[in-house]
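Chain identifiers are assigned alphabetically (A, B, ...) following the order of the sequence lines, protein sequences preceding nucleic acid strands; residue numbering begins at 1 within each chain.
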There are 2 protein chains.
Amino acid sequence: MEPVENMPSWMLTQTAAHAGRLVSEGFAAVGARGYHYRVLSALITDGPASQADLGRRTGIHLSDMVTALNELEASGYIRRVPNPDDRRRNIITITGHGIERAEALALQARAVQEEFLAPLDEAERAQLTALLRKLYDHHLSQGFPPLSKM
Amino acid sequence: MEPVENMPSWMLTQTAAHAGRLVSEGFAAVGARGYHYRVLSALITDGPASQADLGRRTGIHLSDMVTALNELEASGYIRRVPNPDDRRRNIITITGHGIERAEALALQARAVQEEFLAPLDEAERAQLTALLRKLYDHHLSQGFPPLSKM
DNA sequence: CGGCTAACGTTAGTCTTCCAAACGTTAGTC
DNA sequence: GACTAACGTTTGGAAGACTAACGTTAGCCG
């Protein structure tokens, strides 16, 4: 039987774990975690949201969202206010400070990607992206939400 | 700035997280964890080894190796005996029962891979594997050990 | 032969990500 | 008013990844 090390999905999870490690290390170096970046990024991309909505957008579990928002709020990266129209909900908004933070983390993520993808030329990168996009869209169509670090 | 969702490494970690989840669920369904499979697989591939050696082969930290071996030994999948030539070390050997277990887990991993790679045809799978192998070999050459679930 | 360093294995612990259950408050429907 | 569901919080666990401390053993060196 073919060894597992030749399987594409083994290769995928190995290389992704490596990329994930590089990103985590970069984030940890500036006192951030993957959840922080995911939340700030979602707020920039899609605007203010309730906690539950943010959880749905990012794939972060609602109980972990509480912790992540507590940390981001404590550092002044987001603002959290009750929704006057529906007091079950908070409205989460990114601050100017938070935008700067997200941009700094995005720069770091890009730097990691450059290091990580160094062995591939532009054509190979485009090829890889197209193949992965095909897999990814398939999974979205099966109902799996966005998840993971970057 | 280009959104993070278009970055190849984002796509990679997303799809890999999905694959990892499928594998973990499959293993959990039969009371196994990723570490169990990695250890059994390494013993089949490379033969008996000390705990430290197994840790080096699999990327599993030596303290987690203790726990994983405790669980595998309790279930009769491996045998652990002191090395008479060097009493600092144990010799870890897979049992017949362990080989069966590893094969069952490998079958499951293959099934997951089939499901996961369904959107790609054979040529695309070969292409994906070649690109990932290029990335993976680069990382090995930089000193990163094997890691992750499968 | 004793001192020293390193390897081995174990234990206890932390951090991050992912996930679940229980609870109180609020909103909407009937 | 009763009921159901949504929201947010709290508490907890599992898995993977990692660290530090400790005791035992082995090898090297003067």
Check: If you group Ile, Leu, Val, Met, Phe, Trp and Tyr by side-chain heavy-atom gaps below 4.5 Å, do B/Ile92 and B/Ile44 land in one group?
Finding: yes
Next item on the list: Determine whether A/Leu62 and A/Val39 fall in the same hydrophobic cluster, where Ile, Leu, Val, Met, Phe, Trp and Tyr are linked whenever their side-chain heavy atoms lie under 4.5 Å apart.
Entry: no
Check: Does a side-chain heavy-atom distance below 4.5 Å link B/Phe116 with A/Leu12?
Finding: yes
Next item on the list: Measure the distance from CG on A/Leu54 to P on D/dA6 and round it to the nearest whole Å.
Entry: 18 Å
Next item on the list: State, without any angle test, whether A/Thr95 and A/His97 hold a side-chain donor-acceptor pair at a distance under 3.5 Å.
Entry: no
Check: What would the secondary structure line of DNA chain C be in dot-bracket form, counting Watson-Crick and G-U wobble pairs under 3.5 Å, with [ ] for pairs that cross earlier ones and | for pairs with another strand?
Finding: ||||||||||||||||||||||||||||||
Check: Looking only at side-chain N and O atoms, does A/Arg21 come under 4.0 Å of OP1 or OP2 in D/dA17?
Finding: no
Next item on the list: Grab the CZ-C1' distance between B/Arg89 and D/dG23 for me, whole Å please.
Entry: 18 Å
Notebook entry, point to check: A/Asn90 CG to D/dC7 P: how many Å, rounded?
Noted result: 12 Å
Next item on the list: Round to a whole Å and report the spacing from CD1 of B/Ile60 to P of C/dG9.
Entry: 14 Å
Next item on the list: Specify the separation, in whole Å, of atom CG of B/Asp53 and atom C1' of C/dG9.
Entry: 14 Å
Check: Over how many whole Å does the gap from A/Phe27 atom CZ to C/dC15 atom C1' extend?
Finding: 16 Å
Checklist line | Non-hydrogen side-chain atoms of A/Thr58 and A/Met65 separated by less than 4.5 Å | finding: yes
Check: Does a distance-only test, which skips hydrogens and angles, find a donor-acceptor pair under 3.5 Å between the side chain of A/Ser63 and the base of C/dA20?
Finding: yes
Next item on the list: Look at A/Gln51 and D/dT9 and indicate whether a side-chain polar atom (N or O) is within less than 4.0 Å of OP1 or OP2.
Entry: yes
Checklist line | Whole-Å gap separating P (D/dG16) and CD (A/Glu25) | finding: 19 Å
Note to self: Rounded to whole Å, how long is the line connecting atom CZ of A/Arg38 with atom C1' of C/dT17?
What the structure shows: 8 Å
Check: Does a side-chain heavy-atom distance below 4.5 Å link A/Leu128 with B/Leu128?
Finding: yes
Checklist line | 4.5 Å side-chain heavy-atom contact, B/Leu69 and B/Leu54 | finding: yes
Check: Is a donor-acceptor pair below 3.5 Å formed from side chain B/Asp64 to base D/dC18, judging by atom type as modelled?
Finding: yes
Note to self: Tell me if the CZ atom of A/Arg79 is crowded by more than 12 foreign heavy atoms within 6.0 Å.
What the structure shows: no
N/O contacts under 3.5 Å, protein versus nucleotides 26-30 of chain C?
from   : atom 1 : to      : atom 2 : distance (Å)
C/dA27 : OP1    : A/Arg87 : N      : 3.1
C/dA27 : O4'    : A/Arg88 : NE     : 3.3

Notebook entry, point to check: Any side-chain N or O of B/Arg56 less than 4.0 Å from the OP1 or OP2 oxygen of C/dC8?
Noted result: yes
Next item on the list: Check whether any side-chain heavy atom of B/Leu40 sits under 4.5 Å from a side-chain heavy atom of B/Ile78, and report yes or no.
Entry: yes
Check: If each of B/Leu62 and A/Leu69 is mapped to the nucleotide of DNA chain D with the nearest heavy atom, which maps nearer the 5' terminus, i.e. the 5' end?
Finding: A/Leu69
